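Every heavy atom of this structure was used, including side-chain atoms; hydrogens, water molecules and symmetry mates were not. Being a predicted model, the structure only gives us computed values, none of them experimental.
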Amino acid sequence: QVQLVESGGGLVQPGGSLRLSCAASGSPSDYYAIGWFRQAPGKGREGVSCISRIDSSTYYADSVKGRFTISRDNAENMVYLQMNSLKPEDSAVYYCGAGVTPTTVEFMCGMPSSDWWGQGTQVTVSS
């Protein structure tokens with residue numbers, strides 16, 4: 001079982017930055033890939049960015065490429081999402097997800113699909 005706890009959300013003005021953190025219980029070997037997803041009111045869940053434990057490959061949704069960066073600290077079992085140049089359309093609840101069955105970042109973020117979810121953290125981009 002993998003437990004995920006997100007933090008770092010909040011209210012930020014357009015053009016600002018936030019850094020989300022996800023603390024994962026257990027060992028990094030418990031999952032094949034881990035990533036960030038988001039869901040805005042009235043919309044489906046979207047894969048934002050995922051990173052593979054196997055080869056550290058990454059996936060970014062087209063809407064965040066060049067603005068968001070995913071990173072991982074295996075020693076601390078943490079995953080981060082640095083979000084820069086935030087836009088109002090980035091407003092959503094952001095969830096951390098982990099895939100414990102063999103998967104790729106393209107499948108995990110693209111479907112989106114995850115075996116475990118955190119409770120989510122709200123990000124609001126507004127002036």
- Query: Between L11, L81, L18, which is the residue that forms a side-chain contact (heavy atoms from CB on, under 4.5 Å) with V123?
  - Reply: L18
- When you check the side-chain N and O atoms of N77 and Y31, is any donor under 3.5 Å from an acceptor? yes
- Message: For S25 versus V2, what's the shortest heavy-atom pair and its separation?
- Response: OG-C, 3.8 Å
- Item | CG-CZ distance between N74 and R53, expressed to the nearest 0.5 angstrom | 8.5 Å
- Query: Closest approach of V105 and A33, non-hydrogen atoms and distance?
  - Reply: CG1-CB, 4.4 Å
- Min side-chain heavy-atom separation W117-R45 under 4.5 Å: yes
- Examine Y32 and V100 and state if one hydrophobic cluster contains both, with Ile, Leu, Val, Met, Phe, Trp and Tyr joined whenever side-chain heavy atoms are less than 4.5 Å apart. no
- How many angstroms lie between atom CD of Q13 and atom CG of L86, to the nearest 0.5 angstrom? 11.5 Å
- Query: To the nearest 0.5 Å, what is the distance between OH (Y80) and CH2 (W36)?
  - Reply: 10.0 Å
- Task: For S114 and M108, work out which heavy atoms get closest and say how close.
- Result: OG-CE, 4.0 Å
- Task: For the pair F68 and Y94, name the ring-plane relationship: parallel under 30°, tilted 30 to 60°, perpendicular over 60°.
- Result: tilted
- Message: Nearest 0.5 angstrom please: I51 CD1 to S49 OG, how far?
- Response: 7.5 Å
- Do R38 and S63 come close enough that some side-chain heavy atom pair is under 4.5 Å? yes
- Item | S126 versus P14, closest heavy-atom pair with distance | C-CD, 3.6 Å
- Message: To check you understand the geometry: which heavy-atom pair defines the closest contact between F37 and C109, and what is its length?
- Response: CE2-CA, 4.1 Å
- Message: Tell me whether S85 contacts the main-chain N or O of G15 through its side chain, where contact means a donor paired with an acceptor under 3.5 Å.
- Response: no
- Task: Using a strict 4.0 Å threshold on nitrogen-to-oxygen distance, state whether D62 and K65 make a salt bridge.
- Result: yes
- Message: With heavy-atom distances below 4.5 Å as the criterion, would you say the side chains of T104 and Y59 are in contact?
- Response: no
- Task: Could you tell me the separation between the CE atom of M78 and the CZ atom of R72, rounded to the nearest 0.5 Å?
- Result: 13.5 Å
- Item | Nearest heavy-atom neighbours spanning I34 and I70 | O-CD1, 4.1 Å
- Message: Given 3.5 Å as the limit, does a donor-acceptor pair link the side chain of E6 with the main chain of C96, or not?
- Response: yes
- Query: Is Y95 linked to F107 within one hydrophobic cluster, defined over Ile, Leu, Val, Met, Phe, Trp and Tyr using a side-chain heavy-atom separation of less than 4.5 Å?
  - Reply: no
